[in-house]
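Structure first, commentary second.
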Amino acid sequence: MPELPEVEVLARHLRRDLPGKTIRKVQVNRIRILRPTSERKLRAALTGAKFKSVSRRGKYLLFELQSKAGRKNVVMLGHLGMTGKMFLTLKNVPPPKHAAVILDLGKTNFIFEDTRYFGRLTLDLSAVAKLGPEPLTGDFTPERFARELKRSRQAIKVKLLDQSVVAGVGNIYASEALFRAGISPKTAANRLTLAQVKKLHGMVREVLAEAIEFGSTVPINLSGAKSDGLFYFGRAVGAPDFYVERLRVYDRAGKPCQHCGSPIRRIVQAARSTFFCLKCQKV
DNA sequence: CACCATGTTCCTTG
DNA sequence: CCAAGGAACATGGT
């Protein structure tokens, strides 16, 4: 699931369902997910606590809870890693095989499922402090973006994945934004012209905003995470027929560029796949 | 068997 | 000290 748009859509769903609910029991099936928080500390902080709010920062989810004892507030941080999912189920629904953490909310269970266990659910908030500006707010300005890019000779595609430059862009939307901006993923960050930086800034915002819009039009399915519509490929259930392709280059190696028809290329940068069009993205 | 996968962090090398 | 590259984490799909 996990780039900014998917996390944002998830946050909106959880914001609708979680506030007001009290955690009765905490079941941890994989302590790795809590790192570096201990199971004992998490259980102590969460048991009896009531959800107050849900927010998002980059690819992170922030859950604010009011602890059982006093007025003291608890903040829990969530990250989906590569394969994480969070959803509510009715109590009679058996938890999935890779349910890492289960919070008993009374009538329902809150499930954090993660097949690869790269995700996190923790009381350690230090990761958030290192994040760069939120791309869809005024904090992310072309000027600030340009200043960051000037400091690095890394390929621009790799730099877009640096969460301290801008928070929330992942491997898919990095390729998509560069395609829309007509910029080669191999160009050194500090060699982009100011015009290119401005264009890319706009396309990063556009691609993320469109993806949120797409995902948020799909209703969540409370009984499982399988069909909540928050997926990258294909078409969402109920989406109109004229909706063509969500992604223009990602995972389309060898297929014709939708703009010029030449085959989309796949290259490897920093051990991750990059997809782009040679003709439309020169320098 | 081989290679690939939406992410982050740690280690090594230069 | 920093930048850059690669491996590691863990499981599943093709």
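In what follows, chains carry the letters A, B, and so on, assigned in the order in which the sequence lines appear, proteins first and then strands, with residues in each chain numbered from 1. Remember, it's a predicted structure, so these values are computed and weren't measured experimentally.
- Among the nucleotides dT6(B), dA5(B), dT11(C), the one closest to any side-chain atom of Ser273(A) is dA5(B).
- Tyr60(A) and His79(A) have perpendicular rings, their planes meeting at more than 60° on a 0 to 90° scale where under 30° would count as parallel.
- Comparing the P positions of dC1(C) and dT8(B) gives a spacing of 25 Å, expressed to the nearest Å.
- Closest-nucleotide positions on DNA chain C for Thr115(A) and Lys159(A) were compared, and the one nearer the 5' end corresponds to Lys159(A).
- The side chain of His98(A) contributes no N or O atom lying less than 4.0 Å from OP1 or OP2 of dA10(C).
- For the P atoms, the distance from dC4(B) to dG6(C) is 14 Å, rounded to whole Å.
- Residues Lys157(A) and Thr274(A) have side chains that bring a donor and an acceptor to within less than 3.5 angstrom of each other.
- Regarding contacts with the backbone of dT6(B), every side-chain N or O of Tyr173(A) stays at 4.0 angstrom or more from both OP1 and OP2.
- More than 12 heavy atoms of other residues, nucleotides or ligands shown are found within 6.0 angstrom of CG on Leu278(A).
- Pair check for dT6(B) finds none; no Watson-Crick or G-U wobble contact set falls under 3.5 Å.
- Applying the 4.0 Å criterion to OP1 and OP2 of dA4(C), one finds that Ser152(A) has a side-chain N or O inside that range.
- Among the protein residues, Arg35(A) comes within range of no part of the nucleic acid, since none of its heavy atoms lies under 4.0 Å from any strand.
- Residue Gly170(A) comes nearest to Lys59(A) through the heavy atom pair CA-NZ, 3.6 Å, listed as atom of the first residue, atom of the second, then distance.
- Regarding contacts with the backbone of dT6(B), every side-chain N or O of Lys59(A) stays at 4.0 angstrom or more from both OP1 and OP2.
- Taking atom CG of Leu161(A) as the reference point, atom C1' of dA3(C) lies 16 Å away to the nearest angstrom.
- The CD-P distance, from Glu3(A) to dA5(B), rounds to 13 Å in whole Å.
- Neither OP1 nor OP2 of dG7(B) sits under 4.0 Å from any side-chain N or O of His79(A).
- Nearest heavy atom pair, residue Glu176(A) against residue Tyr250(A), reads OE2-N, 2.8 Å.
- If you take atom P in dA10(C) and the same atom in dC11(B), they sit 15 Å apart, rounded to whole Å.
- What separates CD of Gln269(A) from P of dA5(B) is a distance of 13 Å, to the nearest Å.
- Rounding to whole angstrom units, CG of residue Asn171(A) and C1' of dA5(B) are separated by 10 Å.
- Annotation for Lys91(A): atom NZ counts as buried by contact number, over 12 foreign heavy atoms lying within 6.0 Å.
- Between dT8(B) and Arg32(A), no contact under 4.0 Å exists linking OP1 or OP2 to a side-chain N or O.
- Between dG12(C) and Thr83(A), no contact under 4.0 Å exists linking OP1 or OP2 to a side-chain N or O.
- Side-chain proximity of Pro2(A) to the nucleotides dT9(B), dA10(C), dT6(B) is greatest for dT6(B).
- More than 12 non-hydrogen atoms from other residues, nucleotides or ligands lie less than 6.0 angstrom from NZ of Lys150(A).
- Here Phe118(A) packs flat against the base of dG7(B); its ring centre is closer than 5.5 angstrom to the base's six-membered ring, tilted by less than 30 degrees.
- Using atom P as the reference point in both dA8(C) and dA2(B), the two lie 16 Å apart (nearest Å).
- Taking atom P on both nucleotides, dC3(B) is separated from dA7(C) by 13 Å, rounded to a whole Å.
- Rounding to whole angstrom units, NZ of residue Lys157(A) and P of dA4(C) are separated by 15 Å.
- Between the P atom of dT6(B) and the CD atom of Glu8(A) lies a distance of 22 Å, rounded to the nearest Å.
- Put simply, CD1 on Ile33(A) is 16 Å from P on dG7(B), counting in whole angstrom units.
- Nucleic acid contact class of Arg153(A) (heavy atoms, under 4.0 Å, all strands): sugar-phosphate only.
- When rounded to the nearest whole Å, the span between CZ of Arg116(A) and C1' of dT8(B) equals 12 Å.
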